[in-house]
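What follows is a set of notes on a single structure, which appears directly below.
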Amino acid sequence: MSERIFIGVAWPYANGSLHLGHIAGAYLPADIFARYHRLKGNEVLMVSGSDQHGTPITLRAEQEGKKPQQITAIYHEEFLGCWQKLGISFDRFTTTGTQNHHQLAQHFFLTLLEKGYIYKDTMALLYCPRCRRFLPDRYVEGTCPYCHSPGVRGDQCDVCGKPLNPLDLIDPHCRICAALPEVRESEHFFLRLSAFNQELLEWVKGNTHWKQNVLNFTINLLTEGLKDRAITRDIEWGIPVPVPGFDEKRIYVWFEAVIGYLSASKEWANSVGDEQRWRDFWQGDARSYYFIGKDNIPFHTIIWPAMLMGYGGLNLPYDVPANEFLTLEGRPLSTSRNWAVWLPDYLERYDPDPLRYFLSANMPESGDTDFSWREFLRRNNDELVATYGNLVHRVLTLTYRSFEGRVPPPGELDERSKALLGKAEDALATVDGLLYRCRFREAMRTAMSLAQEANRYLDEKSPWKRMNEESATTLYTALLVISNLKTLFYPFLPFSSQKLHRLLGFEGQVEDGGWTPAELPAGQRLAPPEPLFAKLEEEIEARETAKLRGSRG
RNA sequence: CGCGGGAUAGAGCAGUGGCAGCUCGUCGGGCUCAUAACCCGGAGGUCGUUGGUUCGAAUCCAACUCCCGCUACCA
């Protein structure tokens with residue numbers, strides 16, 4: 001009866017810190033989904049890893065006089081720290097730098113080559129004689145051939161918006177050393193995407209449970225027709241092409257990184273001492289979900305499925321619930337302009353759950369959404385603290401004081417109390433259904449309305465007026481409801497749920513209780529009450545926005 | 001140019017054919033157990049524009065306006 005759920009999450013590029021956009025787009029929804037399924041008693045494997053290869057890391061390493069490995073190691077460590085502090089519960093977070101991944105990527109490459117899905121061809125590229133390297137499109141600068149704006153990049157003109165071929169630039173020069181690049185022929189391998197066009201289209205059209213935007217976007221690309229893409233590059237940092245005579249070339253990151261989902265799964269299997277166990281999540285009736293941002297859609301709905309079709313014997317994605325983007329104070333996040341709230345910075349100064357709450361309530365599920373410090377404070381102070389935190393606190397303090405720190409023994413439940421407990425069970429069922437379908441915002445809203453319902457119940461019952469048997473029953477009922485809230489909020493707010501678990505006098509982990517109606521032994525000793533969440537001072541808004549604008553480059 | 005998303009109360013959003021909803025804010029009241037928190041009630045919207053389909057449209061169709069993003073390694 002238990003289901004097997006594979007969760008792949010976008011691979012962060014190990015060239016910079018994580019910011020709130022990454023979290024809202026991919027990591028938080030993935031983690032909510034994973035925690036929910038684990039609570040349901042399903043088997044979950046959630047993996048990702050640092051993407052270590054590619055030109056930007058090479059250049060950065062050169063600028064800083066380091067080796068690429070040093071750069072990626074720093075950020076990989078930082079990522080691991082962030083997952084821990086934010087509670088992103090990966091079963092395995094590896095890197096594309098492992099020997100296992102190199103071998104698997106090469107094996108994958110060779111398999112597709114043998115099957116004729118990869119072929120050799122020649123292409124013309126720009127080569128910088130001074131840097132002695134081939135230049136990726138965006139490392140060539142020149143004048144736009146369409147609008148004649150100077151200083152545009154080789155991949156796209158920022159002024160007129162046209163996509164460019166760097167060979168068409170007027171007066172091209174190397175962005176690194178300003179030398180005049182020359183055109184050189186280079187032999188590369190191409191992925192025969194065109195061969196999968198029809199099969200992909202039929203498969204995608206059958207995936208009616210996908211989000212509208214993901215489905216439409218993918219179908220459009222497939223209808224326009226796929227072009228074969230080069231999957232090797234003339235660079236030195238990356239996975240070697242496993243073919244004689246190609247020693248100078250590397251596998252292109254977009255081909256290699258997605259294979260990481262499989263290599264991470266195999267590394268996980270080895271780590272649990274059963275090297276075949278990855279198959280549980282990649283074959284048979286296991287379902288795979290890929291949590292990514294919208295920019296990553298083609299890689300997960302077209303390229304990776306095509307690679308899997310070509311390779312054979314592995315499950316295609318069941319769902320790719322891609323999110324839209326998060327903006328910051330109304331403007332797109334921008335690493336280069338330093339317009340971002342960086343995760344390590346946030347986690348140094350604030351708790352994880354308020355952020356998880358905000359981003360869950362405000363998740364860009366169907367359209368772009370905005371993070372602003374004002375809204376963050378409002379959500380924390382006026383919703384999380386006021387409704388849920390305060391409910392918990394008022395119930396716990398009243399009970400603790402009136403019943404000697406123990407769960408009071410209830411009398412017979414009246415209709416009102418039964419109705420409230422009924423609503424708690426309804427909420428469990430509703431949130432279950434919503435989370436199953438990746439409707440995170442609505443799921444959390446539903447949990448919150450149970451907290452409101454419980455506040456209403458307390459007001460009607462007013463157990464503080466006189467402490468008698470009826471108020472014992474009332475508080476018992478209220479304790480039961482907040483114990484259910486602990487479960488309902490656990491996927492979103494794992495740290496607070498665990499804390500509430502402890503405050504209610506339980507040992508062990510929330511996860512052990514499963515997605516089931518709470519039970520509470522009368523007489524159980526409660527922990528001394530303390531607030532579940534802290535209110536945040538209004539000054540934070542001014543301080544943080546000033547900091548943001550000040551850091552803007 | 002092409003493609004995608006969006007335009008609904010002061011703010012942020014949900015709602016894909018049947019009397020326009022939610023959270024916050026605001027105004028009034030109640031409560032006093034609780035982190036000035038909680039509960040109740042009110043005010044507030046010609047659902048971007050124009051035209052069409054329909055007994056009936058925020059919801060379907062057409063055209064248009066404005067905003068955001070993407071165009072294949074920024075979630």
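Only heavy atoms go into these numbers, but all of them, side chains included; no hydrogens, no water, no symmetry mates. Naming convention: chains lettered A, B, ... in sequence-line order (proteins, then strands); numbering from 1 in each chain.
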Heavy-atom side-chain proximity of A:Pro344 to A:Leu347 below 4.5 angstrom | no
Return the orientation label for the A:Trp304 and A:Tyr261 ring planes: parallel under 30°, perpendicular over 60°, tilted otherwise.
-> tilted
Give A:Leu458 one of three labels, base, sugar-phosphate or nothing, depending on what nucleic acid heavy atoms sit under 4.0 Å from its own.
-> nothing
For the base of B:G12, is there a side-chain donor-acceptor partner from A:Asn362 under 3.5 Å away?
-> no
So which nucleotide does B:G44 pair with, by the Watson-Crick or G-U wobble rule with both distances under 3.5 Å?
-> none
Side-chain N or O of A:Arg401 closer than 4.0 Å to phosphate OP1/OP2 of B:A34 = yes
Base, sugar-phosphate, or nothing: which does A:Tyr252 touch, judged by heavy atoms less than 4.0 Å apart?
-> base
Would you classify A:Phe533 as touching base, sugar-phosphate or nothing, given that sugar-phosphate means primed atoms plus P, OP1 and OP2, and contacts are heavy atoms under 4.0 Å?
-> base
Would you classify A:Glu442 as touching base, sugar-phosphate or nothing, given that sugar-phosphate means primed atoms plus P, OP1 and OP2, and contacts are heavy atoms under 4.0 Å?
-> nothing
Does a nitrogen or oxygen in the side chain of A:Arg456 sit under 4.0 Å from OP1 or OP2 of B:C40?
-> yes
With a non-hydrogen cut-off below 4.0 angstrom, is A:Glu383 in contact with a base, only sugar-phosphate, or nothing?
-> sugar-phosphate
Checking all strands, does A:Ile297 fall into the base, sugar-phosphate, or nothing category for heavy-atom contacts under 4.0 angstrom?
-> nothing
Verify the contact: side-chain N or O of A:Ser366 to OP1 or OP2 of B:A14, cut-off strictly under 4.0 Å; return yes or no.
-> yes
Scan A:Arg374 against the nucleic acid and name what it touches under 4.0 Å (heavy atoms): base, sugar-phosphate only, or nothing.
-> nothing
Could you measure between the two C1' atoms, the one in B:A63 and the one in B:U53, and give it in whole Å?
-> 15 Å
For A:His53, which contact category applies under a 4.0 Å heavy-atom criterion: base, sugar-phosphate, or nothing?
-> nothing
A:Trp373 vs A:Glu329 side-chain heavy atoms within contact, under 4.5 Å | yes
How is A:Gly21 classified with respect to the nucleic acid when contacts are heavy atoms under 4.0 Å: base, sugar-phosphate, or nothing?
-> base
For A:Leu18, which contact category applies under a 4.0 Å heavy-atom criterion: base, sugar-phosphate, or nothing?
-> nothing
Can you tell me which residue pairs pass the salt bridge (charged side-chain N to carboxylate O under 4.0 Å, His left out) test with a partner in residues 448-457 of chain A, sequence neighbours excluded?
-> A:Arg416-A:Glu453, A:Lys423-A:Glu453, A:Glu453-A:Arg456
Scanning all shown strands, the Watson-Crick or wobble mate of B:G2 with both distances under 3.5 Å is B:C70
Complement of B:A62, any strand, by Watson-Crick or G-U distances under 3.5 angstrom = B:U50
Opposite nucleotide pairing with B:A57, Watson-Crick or G-U, both atom distances under 3.5 Å | none
Quickly, which of A:Trp11, A:Tyr27, A:Trp83 forms a ring-ring contact (aromatic ring centres under 6.0 Å, His included) with A:Phe93? Name it, please.
-> A:Trp83
Describe the nucleic acid contact of A:Pro332 in one word from base, sugar-phosphate, nothing, applying a heavy-atom distance below 4.0 Å.
-> sugar-phosphate
Tell me whether the OP1 or OP2 atom of B:G4 has a side-chain N or O from A:Asn220 closer than 4.0 Å.
-> yes
Indicate the ring-plane relationship of A:Trp237 and A:His53, choosing parallel, tilted or perpendicular according to the 30° and 60° boundaries.
-> perpendicular
Picking from B:C24, B:C73, B:G15, which would you name as closest to the side chain of A:Arg439?
-> B:G15
Do A:Asn390 and B:A37 have a side chain to base donor-acceptor pair shorter than 3.5 Å?
-> no
What do you reckon, do A:Trp254 and the base of B:C73 stack, with centroid distance below 5.5 Å and planes below 30°?
-> no
B:G4 OP1/OP2 closer than 4.0 Å to side-chain N/O of A:Lys294 | no
